[in-house]
Amino acid sequence: MPKQCTSKILMIQPVSFRMNEQTAVNNYYQKTLESLTPENVQERALLEFTRFVNKLEDKGINVIVIEDTLSPDTPDSIFPNNWISFHEDARVAYYPMFAVNRRAERREDVVEIIRNNYGLSVKEIVDFTEFESHDKFLEGTGSLVLDRENKICYAAISVRTDKAAATQFCEQFGYSLCSFSALQSAGDERKTIYHTNVMMCIADKYAVICLDTIDNLDERMDVISALEDSGKEIIEISEEQKEHFAGNMLQVVNEDGKPYLVMSTSAHQSLEEEQMTKLESFNPIIHSEINTIELCGGGSARCMMAEVFLPKI
């Protein structure tokens with residue numbers, strides 16, 4: 001049976017992090033920190049990144065850290081899970097990105113470093129980037145929340161999560177697609193949530209999900225049924241908790257196979273005692289303060305971690 005969690009994580013160390021104006025058009029979590037210079041933003045992001053990596057490594061989780069490059073300009077490179085995924089069958093997938101300046105994040109040398117420096121097997125690159133020429137996008141495990149054990153792919157359809165592209169991913173990797181619409185309040189409007197992993201997280205025995213974002217009740221019941229039929233205990237979060245990135249979590253295991261749930265401190269602080277108790281009954285929690293990254297980048301802890309499931313050579 002495929003593993004749901006891995007002990008190996010790829011993280012990209014930022015060198016020029018800032019708010020990306022090209023993604024802010026449909027990422028309603030991003031903010032401009034006008035009191036900080038660009039240098040201050042980068043300094044804070046690097047400090048938050050380093051503290052986060054240290055917390056993971058302290059628990060025995062293997063973090064592959066690769067430094068970003070100053071050129072080309074890639075302000076969102078700290079979120080590698082959107083452009084690449086690594087699979088147990090030694091395949092690597094590249095994904096079509098909405099923002100033009102995010103497409104430069106795709107680096108073949110990252111795959112070579114992982115293969116040559118870490119002894120991991122890469123047998124095939126599955127490239128979905130052709131969808132960009134048709135203005136269709138699928139931003140990796142931001143768009144696709146994977147139940148790897150049960151081969152179910154959850155996808156909240158949006159401008160960054162195209163259904164045809166998600167269907168092609170499922171055909172290539174042997175998943176069944178559970179697609180739906182997820183909405184959030186922006187002013188007086190309900191607008192599409194840009195990434196599925198903002199509102200849900202799949203772990204080995206449970207799922208954290210903001211069901212209130214699925215306004216269509218038939219679709220909501222379809223998602224609940226898929227989760228329950230696959231044996232997941234549903235832990236609901238509110239829309240307000242989602243705003244604090246409580247849906248943007250990732251379960252990982254350490255070298256001894258012990259599971260942990262990873263999230264930001266803002267997500268952790270938004271949880272109620274009952275939710276915390278339930279989550280900790282399954283696994284301990286690792287949380288780290290990444291406020292600058294969340295505010296400027298509009299993404300959180302899960303977005304910063306690309307799971308590496310590749311087998312050893």
Side-chain angles (χ1 to χ4, degrees), residues 2-12 23 27 56 61 63-64 76-89 91-99 102-103 105-107 110-111 114 125-129 131 137-158 160-163 165-180 182 193-204 207-209 232 245 247-253 261-264 267 297-310:
K3 296 183 296 183
Q4 180 62 30
C5 307
T6 179
S7 65
K8 294 186 181 68
I9 299 294
L10 167 69
M11 297 181 69
I12 303 295
T23 57
N27 179 340
L56 293 171
I61 296 152
V63 184
I64 299 170
D76 277 333
S77 62
I78 203 169
F79 305 129
N81 79 312
N82 298 139
W83 69 267
I84 194 166
S85 62
F86 306 90
H87 299 265
E88 276 191 84
D89 60 3
R91 287 191 292 172
V92 173
Y94 290 163
Y95 294 96
M97 310 283 282
F98 168 78
R102 292 212 64 187
R103 299 171 193 176
E105 293 173 32
R106 297 191 293 253
R107 291 169 48 187
V110 168
V111 177
I114 286 174
I125 303 291
V126 183
D127 192 340
F128 297 105
T129 60
F131 278 100
F137 312 105
L138 188 70
E139 299 193 331
T141 52
S143 294
L144 310 172
V145 174
L146 302 178
D147 180 343
R148 297 173 187 272
E149 294 177 324
N150 296 290
K151 305 298 279 187
I152 303 171
C153 171
Y154 294 90
I157 302 306
S158 71
R160 299 208 212 170
T161 305
D162 180 78
K163 188 171 183 178
T167 299
Q168 186 165 316
F169 168 88
C170 290
E171 290 171 354
Q172 288 272 4
F173 285 92
Y175 283 78
S176 60
L177 179 63
C178 180
S179 63
F180 53 93
I193 290 175
Y194 74 109
H195 279 160
T196 315
N197 74 1
V198 169
M199 51 74 65
M200 73 180 299
C201 157
I202 298 291
D204 54 356
V208 178
I209 184 168
K232 305 295 184 190
F245 294 102
N248 199 243
M249 306 170 172
L250 180 67
Q251 189 183 46
V252 300
V253 295
L261 183 63
V262 183
M263 66 186 75
S264 71
S300 189
R302 193 279 170 266
C303 306
M304 296 170 66
M305 299 179 285
E307 303 144 284
V308 181
F309 286 91
L310 299 173

Can you name the residues that form a side-chain hydrogen bond (donor to acceptor under 3.5 Å, both in side chains) with D162, not counting sequence neighbours? none
Do Q168 and L138 make a side-chain contact, defined as non-hydrogen atoms from C-beta onward lying under 4.5 Å apart? no
Determine whether L177 and K163 make a side-chain contact, defined as any pair of heavy atoms from C-beta on separated by less than 4.5 Å. yes
Distance-minimising heavy-atom pair for I202 and A207: CD1-CB, 3.8 Å
CD1 on I61 to NZ on K8, rounded to 0.5 Å: 12.5 Å
A93 versus F128, closest heavy-atom pair with distance: CB-CE1, 4.0 Å
Do you know the tightest heavy-atom contact between P80 and A306? CG-CB, 4.2 Å
At what distance, to the nearest 0.5 angstrom, does CZ of F309 lie from OG of S7? 9.5 Å
Check whether any side-chain N or O of N82 sits under 3.5 Å from a backbone N or O of E139 as a donor-acceptor pair, and report yes or no. yes
If you take all heavy atoms of D147 and Y175, which pair is closest and at what distance? O-CE2, 3.6 Å
Sub-4.5 Å side-chain heavy-atom contact between I209 and M199: yes
Walk me through it: do N81 and N197 pass the test side-chain contact (heavy atoms from CB on, under 4.5 Å)? CA-CA 11 Å; N81 79 312; N197 74 1; 3.5 Å; yes
So, taking the atom named OG1 in T141 and the one named CZ in R302, what distance separates them when rounded to the nearest 0.5 Å? 3.5 Å
Stepwise side-chain contact (heavy atoms from CB on, under 4.5 Å) check, L261 with C201: CA-CA 10 Å; L261 183 63; C201 157; 4.2 Å; yes
Listed by chain and number, what are the side-chain hydrogen bond (donor to acceptor under 3.5 Å, both in side chains) partners of S77, not counting sequence neighbours? D68
Taking atom CZ of F79 and atom CZ of R102, what is their separation to the nearest 0.5 Å? 7.5 Å
Taking D204 as the fixed residue, which of K3, K232, Q251, R148 is the one that meets the side chain to side chain donor-acceptor pair (under 3.5 Å) rule? Q251
So how far is it from F131 CZ to M97 CE, rounded to the nearest 0.5 Å? 15.5 Å
Can you tell me which residue among I84, V308, I114 is in a side chain to side chain contact (heavy atoms under 4.5 Å, CB included) with V92? I84
Mind checking whether Y94 and W83 have side chains closer than 4.5 Å, heavy atoms only? yes
Residue list, side-chain contact (heavy atoms from CB on, under 4.5 Å) with S158, at least two apart or on another chain: R160, T161, T192
Just do the side-chain contact (heavy atoms from CB on, under 4.5 Å) check on E307 and I9 with the steps written out, would you? CA-CA 5 Å; E307 303 144 284; I9 299 294; 4.3 Å; yes
Is there a side-chain contact between L56 and M11 (heavy atoms, below 4.5 Å)? yes
Indicate yes or no: at least one non-hydrogen side-chain atom of S85 is less than 4.5 angstrom from one of Y95. yes
Output for pair (D89 CG, L310 CG), nearest 0.5 Å, gives 9.0 Å
Looking at E149 and P2, what are the two nearest heavy atoms and their distance? CG-O, 3.2 Å
Give me the atom names and distance for the closest heavy-atom approach of A166 to L144. CB-CD2, 4.0 Å
Decide yes or no on side-chain contact (heavy atoms from CB on, under 4.5 Å) for R91 and F173, but give the supporting numbers first. CA-CA 9 Å; R91 287 191 292 172; F173 285 92; 3.4 Å; yes
Do the side chains of N248 and S264 get nearer than 4.5 Å, heavy atoms only? no
